[in-house]
There are 2 protein chains.
Amino acid sequence: MTFDREQVLRSAAALLTRKSTATMDEVAKAAGIGRATLHRHFAGRDALVKALENLGLQEFEAALDAARLDEGTSEEGLRRLIAAVEPSAGLMSFLVNENQLFEGDEVNEGWSRADARVSAYFRRGQERGELRIDLTPAWLTEALYGLVGTGAWSIQAGRVAAQDFQYMIVELLLGGARRSVEQ
Amino acid sequence: MTFDREQVLRSAAALLTRKSTATMDEVAKAAGIGRATLHRHFAGRDALVKALENLGLQEFEAALDAARLDEGTSEEGLRRLIAAVEPSAGLMSFLVNENQLFEGDEVNEGWSRADARVSAYFRRGQERGELRIDLTPAWLTEALYGLVGTGAWSIQAGRVAAQDFQYMIVELLLGGARRSVEQ
DNA sequence: CCCATGTGAGACAATTTCGTCTCACCGAAG
DNA sequence: CTTCGGTGAGACGAAATTGTCTCACATGGG
């Protein structure tokens, strides 16, 4: 009965990931609330999307903090980051594919800051000799986002097991699919 | 002046990738044609999306054929596939994020067939000892799609260089970001 | 018990988008 | 030059969506 802002935003993200043209009425129904209530809390579709972006950014920055990317090896940091991001994967999956934020101002700035942190993490790994230098930090950052989104979507679609989320992403991103000789 | 179906579909994919809620009028303007003309060739938004799916599927299957995935090593096959897919990357980028095809019938069947080919290719690589067996073919397939979409998007957003498309994807997917000892 | 707050359902007009139509125009073929 | 097919622009009503409103009702606090 009571309005749960976060639960509403999460189900909205889940719906909009599958059907990006969903109406406010569909979003409300998916969240189990009335359209009027949805409208009371989010002035319109734009406001809803902006709220999703803000929540996603907030959770991602919290995950970045929790991951303590500057402690230990690159691998340890990445494992902590993916673990911390997993609960927000549904939200991230929506945001990765939501490229409409070309007009946003503060939101975009926030994502630039987060991008810079991830990118700097990859650069440090390269400088310490733990990561290859022939793949740019910018690409590794984008690939990280893409794989998180792909992982969340694959699980939601039932094509991979939910418990493999962290392992799949970390192993592919760090080690790749090739079977190395020393393994 | 003359109607170029493929050019229209490509610009539609590019627009819809950025703004998934774009109207038919916006799609028409982006393609440089009138809304009436767009409507003469595609009955509605659904028909347009279906045409995009069909074109994308057709091009991807052509890329699968051209890649001759059963010849040579896994690495050679993947390089050929990514090279063959690059011209269709914009289309693929749209389709990867277009998860609305839960209703489609023939289209969905076509994609299942393509999925099966990619998945079988990864499985063969595993059986030959060229690829790791702890990452499922289903996940590798999804990751391939995701990385192609991410790569296309990153280039379009200007975050990575267009000429690096093939290298970035193949190297990350096969080798990962970790710097191996033998390198 | 009563009140206050917030919700769901529905009504309603305004706006947007869609689908179809007409018409003038352009270019290529004859 | 004339004809014909196809296009762009715009008009038009239909349909969908939005934004706002009212009202009955549920729930929790005083």
Side-chain angles (χ1 to χ4, degrees), chain A residues 1-56 91 94-95 97-107, chain B residues 1-56 91 94-95 97-107:
Chain A
M1 289 298 171
T2 314
F3 177 83
D4 182 345
R5 178 186 168 92
E6 213 173 288
Q7 177 267 334
V8 169
L9 286 177
R10 282 188 205 287
S11 53
L15 174 60
L16 290 175
T17 297
R18 294 194 306 271
K19 185 176 179 182
S20 52
T21 58
T23 66
M24 294 292 274
D25 192 55
E26 292 174 301
V27 171
K29 277 190 171 51
I33 64 176
R35 190 169 68 95
T37 302
L38 181 63
H39 244 286
R40 282 189 195 101
H41 293 271
F42 306 102
R45 191 193 186 74
D46 293 344
L48 176 65
V49 171
K50 191 155 289 189
L52 283 170
E53 291 173 348
N54 280 319
L55 178 60
L91 210 42
F94 168 74
L95 294 178
N97 302 1
E98 180 66 4
N99 308 315
Q100 200 167 349
L101 31 78
F102 271 12
E103 304 132 14
D105 303 321
E106 331 111 38
V107 181
Chain B
M1 291 298 170
T2 314
F3 178 83
D4 181 344
R5 178 186 169 93
E6 214 173 285
Q7 177 268 333
V8 169
L9 286 177
R10 283 188 203 287
S11 54
L15 173 61
L16 291 175
T17 297
R18 293 194 306 271
K19 184 177 180 183
S20 52
T21 59
T23 66
M24 294 293 273
D25 192 55
E26 291 173 304
V27 172
K29 278 188 170 52
I33 64 177
R35 191 169 67 96
T37 303
L38 180 63
H39 242 286
R40 282 188 195 102
H41 293 270
F42 305 102
R45 191 194 186 73
D46 293 345
L48 176 65
V49 171
K50 191 155 289 189
L52 283 170
E53 291 172 348
N54 279 320
L55 178 61
L91 210 43
F94 167 74
L95 293 177
N97 301 2
E98 180 65 3
N99 308 316
Q100 200 166 349
L101 30 79
F102 272 11
E103 305 132 15
D105 305 320
E106 333 111 37
V107 181

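Chain letters run A, B, ... following the sequence lines, proteins first, then strands; residues in each count from 1. Just so you know, these numbers come straight off a predicted model, no measurement behind them.
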Exercise for the section: May I ask you to decide whether A/Lys29 forms a salt bridge with A/Asp25, counting only side-chain N to carboxylate O separations under 4.0 Å? Expected result: yes

Could you measure the distance from the [atom1] atom of [X] to the [atom2] atom of [Y]? Nearest 0.5 Å is fine.
X: A/Glu53; Y: A/Leu91; atom1: CD; atom2: CG; answer: 10.0 Å
X: B/Leu48; Y: B/Leu9; atom1: CG; atom2: CG; answer: 6.5 Å
X: B/Glu98; Y: B/Leu16; atom1: CD; atom2: CG; answer: 8.0 Å

Interatomic distance, [X] [atom1] vs [N] [atom2] [rounded to whole Å]:
X: B/Phe3; N: D/dG6; atom1: CZ; atom2: C1'; result: 11 Å
X: A/Met24; N: D/dA16; atom1: CE; atom2: P; result: 19 Å
X: B/Leu48; N: C/dG19; atom1: CG; atom2: P; result: 11 Å
X: A/Asp46; N: C/dT16; atom1: CG; atom2: P; result: 13 Å
X: B/Lys29; N: D/dG10; atom1: NZ; atom2: C1'; result: 11 Å
X: B/Asp4; N: D/dT7; atom1: CG; atom2: P; result: 11 Å

Exercise for the section: Would you please confirm or rule out a distance under 4.0 Å between OP1 or OP2 of C/dG6 and any side-chain N or O of A/His41? Expected result: no

In residues 31-42 of chain A, what donor-acceptor pairs under 3.5 Å come from side-chain atoms, sequence neighbours left out?
{"unit_1": "A/Thr37", "atom_1": "OG1", "unit_2": "A/Arg40", "atom_2": "NH1", "d": "3.3"}
{"unit_1": "A/His39", "atom_1": "ND1", "unit_2": "A/Ala43", "atom_2": "O", "d": "3.4"}

Practice task
Give me the residues of residues 33-40 of chain B where at least one heavy atom lies under 4.0 Å from an atom of DNA chain D, by number, or none.
Solution key: B/Ile33, B/Gly34, B/Arg35, B/Ala36, B/Thr37, B/Arg40

Completion exercise
Ranking B/Arg45 and A/Gly32 by the position along DNA chain C of their nearest nucleotide, the one closer to 5' is A/Gly32

Fill in the blank from the handout: Hits for side-chain hydrogen bond (donor to acceptor under 3.5 Å, both in side chains) against B/Arg10, two or more places apart or cross-chain, chain-then-number order -> B/Glu6, B/Glu59

